[in-house]
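Heavy-atom basis, side chains included; hydrogens, waters and symmetry copies ignored. For this chain, numbers begin at 1 and follow the sequence in order.
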Amino acid sequence: MIDPDTQAGWAAEAEAEEEDAEDMPLSLRLSIADTLTLGNATCGFMAVYFTTTGILIPHLTGSDESGMARHSAATAVILMLAAAIFDLFDGLVARKLRSSPMGAELDNLSDLISFGLAPAYFVLVYGMVADDAHQRVSALAAVVVLLAVVLRLARFSCVTMKDGMFQGMPSPFGALTVISIVLLELPFVPTLLAIIGVAWLMVSRVEYPKPRGILAVAMLSWIVAAMGLLAAWAFDAPGGQLLLQTGCALQVVTGAVIPLFATARRVNTFRGNRREARAAQLP
C-alpha cells in the first residue's frame, strides 16, 4: 500500500527540485558547446599525464623502453589533436545552438590547458630526454610558449577583429606546430629557434582566417590524417617514421607560409589605398 503522506512528501520534493533548477542562474547551466569545451580541457590534461608517465618517468628511472616512450608521445599528441577537434566543434555548436554566459571563459581556460600548458610541458620534457638538448634552455622555451598562449588568449578577449579573422596564430594551430617541430627531431638550436618563432607568431598581428566552412572541413581532415600518421609511427608501421616527419614538415611549412600570404595581402591593400588616395587628390 502507498502512504498518502509519504507520496505527498515525494511530490513536494520533486516540485522543489524543479523550482531550484528553474531558479538556477543561467551562468551555472552548461550547454552542449560547454560540454565539448570541457572535453577539450580533459584531453589537454591527459596529454600532460601521458607525457609524464610514458616519457619523463621512464627517462628518470633509467628505463630503455623506447617503444613505450614512442606510444606515449603519440598518445599525448593525439590527445592534443582531439582537443583541437573539440575546440573546433564547440565553436560551431555554439553558433548553431547557443552557449552559456560562461562559454567564452570556459573556452579560454580549456585552450590554456590544451594548447598552452600541454605543448609547453612537451617542450620541457623534450629538453630533459633528448640527447643534444639543454634542459634549462628548453625550460625557457617552454615558458615562452606558455606565456605566448596566455597573452594571445587574453588579447583575444579584449581585441575586436573583423569577422572571420584572428589576430596572431590561433593557439591550437600554434600548439600543433610546436609539437611538429619537436617531432621532426632537428638539431637543438634550429628546434629552439623555430619554437620561439611560433610563439612570436601567436602574439603577432598577423591575420589568420577562422576555420569556417570549407576551411573547417579541411582542418578536420588534416587532424584526422595526423592522428593516422601518429598511430602508424607509434606501432612502427613500414614507413611510419617517414610519414610522420612528412606530416610534421607540412604543418611547419603551413605555419610559415600563412604569415607570408597575410603580409603580402596587407601590402597590396596598403598600396591600393595609396593609389585611391592619390587618385582622389587629382583634379
Side-chain angles (χ1 to χ4, degrees), residues 44 47-48 50-52 54-60 62-64 66 69-70 72-78 80-81 84 112 114-152 168-206 208 222 226 229-230 233-234 239-263:
V48 173
F50 278 101
T51 304
T52 302
I55 303 175
L56 180 60
I57 292 179
H59 173 76
L60 295 177
S63 175
D64 294 330
S66 59
R70 185 169 62 248
S72 298
T75 302
V77 180
I78 287 174
M80 291 185 221
L81 290 167
L112 179 59
S114 298
F115 312 124
L117 176 62
Y121 186 71
F122 198 86
V123 171
L124 177 66
V125 173
Y126 153 75
M128 299 177 69
V129 303
D131 295 333
D132 63 338
H134 300 277
Q135 182 175 336
R136 293 183 180 180
V137 180
S138 298
L140 179 61
V143 170
V144 170
V145 171
L146 179 62
L147 294 181
V149 175
V150 170
L151 292 172
R152 198 230 173 279
M169 181 182 284
S171 53
F173 192 85
L176 298 181
T177 305
V178 166
I179 297 300
S180 298
I181 292 169
V182 174
L183 292 178
L184 278 174
E185 298 181 355
L186 300 172
F188 177 70
V189 174
T191 298
L192 180 68
L193 293 177
I195 289 172
I196 293 176
V198 173
W200 176 81
L201 284 173
M202 284 193 280
V203 297
S204 70
R205 300 195 177 202
V206 177
Y208 286 78
W222 172 246
L229 295 177
L230 285 162
W233 173 67
Q241 179 73 22
L242 178 60
L243 288 173
L244 177 66
Q245 291 188 340
T246 302
C248 291
L250 288 174
Q251 175 73 29
V252 174
V253 169
T254 303
V257 167
I258 290 178
L260 296 178
F261 278 111
T263 303

Trainee: Looking only at heavy atoms, what is the nearest atom pair of Q251 and S180, with distance?
Mentor: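 Nearest heavy atoms, Q251 then S180: CG-OG, 3.3 Å.
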
Trainee: Less than 4.5 Å apart, side chain to side chain, heavy atoms only: is that true for T254 and W222?
Mentor: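 No, their side chains stay 4.5 Å or more apart.
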
Trainee: First locate atom CE of M169, then atom OG of S204, and finally report the distance between them rounded to the nearest 0.5 Å.
Mentor: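 With rounding to 0.5 Å, CE (M169) is 7.5 Å from OG (S204).
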
Trainee: Looking only at non-hydrogen atoms, find the nearest pair between M80 and A47 and report the distance.
Mentor: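 Heavy atoms only, the tightest pair is CG-CB, 4.0 Å.
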
Trainee: Check whether any side-chain heavy atom of L201 sits under 4.5 Å from a side-chain heavy atom of T177, and report yes or no.
Mentor: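 Counting from C-beta outward, L201 and T177 never come under 4.5 Å.
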
Trainee: Identify the two heavy atoms, one from A120 and one from A142, that lie closest to each other, and give their separation to 0.1 Å.
Mentor: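 For A120 and A142, the tightest heavy-atom pair comes out as O-CB, 3.1 Å.
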
Trainee: Considering residues at least two apart in sequence or located in another chain, which fulfil the side chain to side chain contact (heavy atoms under 4.5 Å, CB included) criterion with V137?
Mentor: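 Partners of V137 by the side chain to side chain contact (heavy atoms under 4.5 Å, CB included) criterion, ordered by chain and then number, come out as H134, F188, L192.
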
Trainee: V149 and S171: which non-hydrogen atoms are nearest, and at how many Å?
Mentor: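 Scanning both residues completely, I find the closest heavy atoms to be CG1-CB, 4.1 Å.
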
Trainee: Please examine the side chains of F122 and V145, heavy atoms only from C-beta on, and report whether any two atoms are closer than 4.5 Å.
Mentor: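 The answer is no; the side chains never approach within 4.5 Å.
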
Trainee: Of all heavy-atom pairs between A199 and A148, which one has the smallest distance, and what is that distance?
Mentor: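 Heavy-atom minimum between the residues: O-CB, 3.5 Å.
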
Trainee: What is the distance from atom CG of L176 to atom SG of C248, rounded to the nearest 0.5 Å?
Mentor: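 Atom-to-atom, L176:CG and C248:SG are 10.0 Å apart.
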
Trainee: Would you compute the distance between atom OG1 of T52 and atom CG of L60 and round it to the nearest 0.5 angstrom?
Mentor: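 Taking OG1 in T52 and CG in L60, the distance rounds to 10.0 Å.
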
Trainee: Below 4.5 Å, heavy atoms only, C-beta onward: do V150 and L112 meet side chain to side chain?
Mentor: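 They are in side-chain contact.
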
Trainee: Measuring from L244:CG to L184:CG, what's the distance to the nearest 0.5 Å?
Mentor: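 Atom-to-atom, L244:CG and L184:CG are 8.0 Å apart.
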
Trainee: Specify the closest pair of heavy atoms between L146 and L117, including all atoms of both residues, with the distance to one decimal.
Mentor: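 Nearest heavy atoms, L146 then L117: CD1-N, 3.8 Å.
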
Trainee: I would like to know whether V123 and V182 meet side chain to side chain contact (heavy atoms under 4.5 Å, CB included); could you show each step before the answer?
Mentor: CA-CA 7 Å; V123 171; V182 174; 4.2 Å; yes

Trainee: If you round to the nearest 0.5 Å, how far is CD of Q245 from CH2 of W233?
Mentor: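 Going from the CH2 atom of W233 to the CD atom of Q245 covers 10.0 Å.
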
Trainee: Measure the spacing between CD1 of I195 and OH of Y126 and express it to the nearest 0.5 Å.
Mentor: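 It comes to 6.5 Å.
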
